[in-house]
Protein chains: 2
Amino acid sequence: MTVTLADVAARAQVSPATVSRVLNGNYPVAASTRERVLKAVDELDYVLNGPASALAAATSDLVGILVNDIADPFFGIMASAIQSEIGGPGGRAGGERLAVVCNTGGSPERELTYLTLLQRQRAAAVVLTGGAVEDAAHGAAVGNKLRRLAEAGTRVVLCGRPPAPEAIAITFDNRGGGRELTEHLIGLGHRRLGYIAGPEERTTTRHRLEGHRAALAAHGIEEDPRWTVYGRYDRRSGYEATLELLRRDPSLTAVVAANDTVALGACAALRDSGLRIPDDVSVAGFDDLPFSIDAVPSLTTVRLPLSEAGARAGRIAMGREEPPPGGIATVRGELMVRGSSGVPRVG
Amino acid sequence: MTVTLADVAARAQVSPATVSRVLNGNYPVAASTRERVLKAVDELDYVLNGPASALAAATSDLVGILVNDIADPFFGIMASAIQSEIGGPGGRAGGERLAVVCNTGGSPERELTYLTLLQRQRAAAVVLTGGAVEDAAHGAAVGNKLRRLAEAGTRVVLCGRPPAPEAIAITFDNRGGGRELTEHLIGLGHRRLGYIAGPEERTTTRHRLEGHRAALAAHGIEEDPRWTVYGRYDRRSGYEATLELLRRDPSLTAVVAANDTVALGACAALRDSGLRIPDDVSVAGFDDLPFSIDAVPSLTTVRLPLSEAGARAGRIAMGREEPPPGGIATVRGELMVRGSSGVPRVG
DNA sequence: AGCGTGACAGCAAGCGCTTTCTATCTGATG
DNA sequence: CATCAGATAGAAAGCGCTTGCTGTCACGCT
């Protein structure tokens, strides 16, 4: 069998209690004893039994990070930042924590399943990232779960997700960013702007689109319903949606995409249609992922401080930073004007 | 306090043993009893205590996935594929498994720490992805850990990592891919090729570089040591390394990068230096990440079947697929010739 | 000398679940 | 009608660790 605490105790000629205390460092132990124990641990290559420890102490060193799509750098960057703040020592002395990221694939059921799994493991904290699905039933179910988690002592933090009464939230100002972006294009002279939205039922999608529409409205531009197409947050979707937009109205002078990945697909579609960027059509994205600056022309977009927000969420989850007043912090995006947007062709 | 098995048992008027059996479905229980129990579970909103269960049953439903950089789609894509194969029912009936991805950041210590943490949690399986660090001491330490994990019943699978005696491995043929890529360039007429390698002590770096050199050697091209620069696997590194290569030898007609991200940085550097791709300098990457086809010109690279390999590793880890004969499967990359490589300028 | 006071160390009672072994009941069988 | 197998249900013994409480010393004080 595997080595147990008792084995170590026997070897070090102390009681199991003492070994436990040495390992946890939360009770005075004579230096000489400690050394003897540590030596035994080393010699036997002892590894604590996590479940047993968690059961007895009624706490765990697991921290869950939920993401919609782990293959998308948007989430990867946030997850990385969150995790980097969690790895280090936390509450319990010597507290190595196991930060785990769970991929929901954007599915409400999987989100709930993971939350239950995390609850089952008595996770120390949970960070939910990215837009939420707008469905009353699901929203209530998630809210319930979050409340239960919180009741059980799990710290719950939202990052890049709209606020919820059950948790602390670091939210992105998607509406403001969307508005600023479109105002930039309007300022350049664009009047006919296509919009490629994300999945219809997501908060992120809705907020960015609302910002876009607010900008149009503020400038007295009446929106043509043909100018909006919904899709997924991937390149393919951007490609196809752009072709569709072009089919519906070839006179569009700008295409605003739900995010950078989609924008890249849009660029490809425009190029394949023989249109130049930005001479014929301007393109704008959202997020400012690392590859966006390398697009040709480089992408005009809204930079979201993913790393900073993630790091902050991680620190709050570890109780290492005060939650923002009111439990909600809104983080603004920064407009990055680059080569993909320009003055529209005359006509 | 939280609801326990005993509470459910009391409510359903059965013994805790029966509740456990209903939940695990591994022992005959009368339909009527089962229903009563399930009803009680539902009414009390009972959630199993993971640690207690793991302790008693001496098994856990945790599966660890180790990645070098979660913000890099290379790993994100693999992790996503692995996780998708793990989420479903596995060994234990109703077996929801918690697939967790751990970000080592390429650091050997963190790799070891995570391995210990997973061992501590008595993980059901562990999948290590990506290149390993080439350091004898660390290699031995990891080997040891893997052996211990395997001894404790944890299934260990390597994915995109060189084979090790302690585990089943799905390996990428980085050497072959590197060779094929460079041969393609040589075939186009290139004779002076710069190479931007990854971090010096990684297996992936070494293998790809070896393939490159093998191709050069096979064609009687003597390599100039100035033509190789080491860096990190990121865009910045590619940018800087390219400027350095250009400084060392402005007559280079091609730049081969350690991966696509680096290649993108290289493209940017070339463009900023006033050089056209591929007219003045050809560029090649490795991996064929989703954004590579959107580069302008689109990137010539070697496609690695990340999803397929990950899925397979996941299935093997879950015992749902036979391990390959000999415990090692080598997966080849596929040369993708695209716009970034062309005939060198004369001279 | 007598005793309060720290500083350590050990005992033992769980933590909430799984599982072996045993008990009970129901039909079916001869 | 006695007997036995089969099907369920329960009792209880842990799984390996944490921790409240109880010693046991060795000092230093009055």
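Quick caveat: nothing in here was measured; it's all calculated off a predicted structure. So that the names make sense, note that chain A is the first sequence line, chain B the second, and so on, each numbered from 1.
Between A:Leu55 and B:Val29, the residue anchored nearer the 5' end of DNA chain D, judged by the nucleotide with its closest heavy atom, is B:Val29. Residues A:Leu48 and B:Thr33 each lie close to DNA chain D; by heavy-atom proximity, the contact nearer the 5' end of the strand is made by B:Thr33.
Among the heavy atoms of the strands lying under 4.0 Å from A:Ala17 is at least one base atom, whether or not backbone atoms are also near.
Of the candidate nucleotides D:dG16, C:dT19, C:dG16, D:dG16 has the atom nearest to the side chain of A:Ala56. Of the candidate nucleotides D:dC17, C:dG16, D:dT8, C:dG16 has the atom nearest to the side chain of B:Thr4. Closest contact between the side chain of A:Arg21 and the listed nucleotides C:dA9, C:dT19, D:dA9 involves C:dA9. Listed nucleotides C:dC11, D:dT8, D:dG10 differ in distance to B:Ser15; the shortest reach to its side chain belongs to D:dG10. Among the nucleotides C:dT19, D:dT18, D:dC17, the one closest to the side chain of B:Asn26 is C:dT19.
Distance, B:Arg36 CZ to D:dA9 P: 8 Å, rounded to whole Å. Nucleotide C:dT18 holds its P atom 9 Å from the CG atom of B:Asn49, rounded to whole Å. Atom pair B:Asp61:CG and C:dC17:C1' shows a separation of 13 Å (rounding to whole Å applied).
Around the CD atom of B:Glu35, the shell of radius 6.0 Å holds no more than 12 heavy atoms that belong to other residues, nucleotides or ligands.
For A:Thr116 (side chain) and A:Leu112 (main-chain N/O), a donor-acceptor pair under 3.5 Å exists by modelled atom type.
At a cut-off of 3.5 angstrom, counting only N and O atoms as typed in the model, there is no donor on one side facing an acceptor on the other between the side-chain of B:Arg122 and the base of D:dG16. Residue-to-nucleotide contacts include a donor-acceptor pair under 3.5 Å from the side chain of B:Tyr27 to the base of D:dA9.
With a 4.5 Å cut-off on side-chain heavy atoms, A:Arg122 and B:Asn49 count as touching.
The minimum heavy-atom distance linking A:Leu5 with A:Pro16 is given by the pair CD1-O, 3.7 Å.
Checking the phosphate oxygens (OP1, OP2) of C:dT18, a side-chain nitrogen or oxygen of B:Ser20 falls inside 4.0 Å. The side chain of A:Asn24 contributes an N or O atom lying less than 4.0 Å from OP1 or OP2 of D:dT18.
A salt bridge does not link A:Glu308 to A:Arg312: none of the charged side-chain nitrogens sits closer than 4.0 Å to a carboxylate oxygen.
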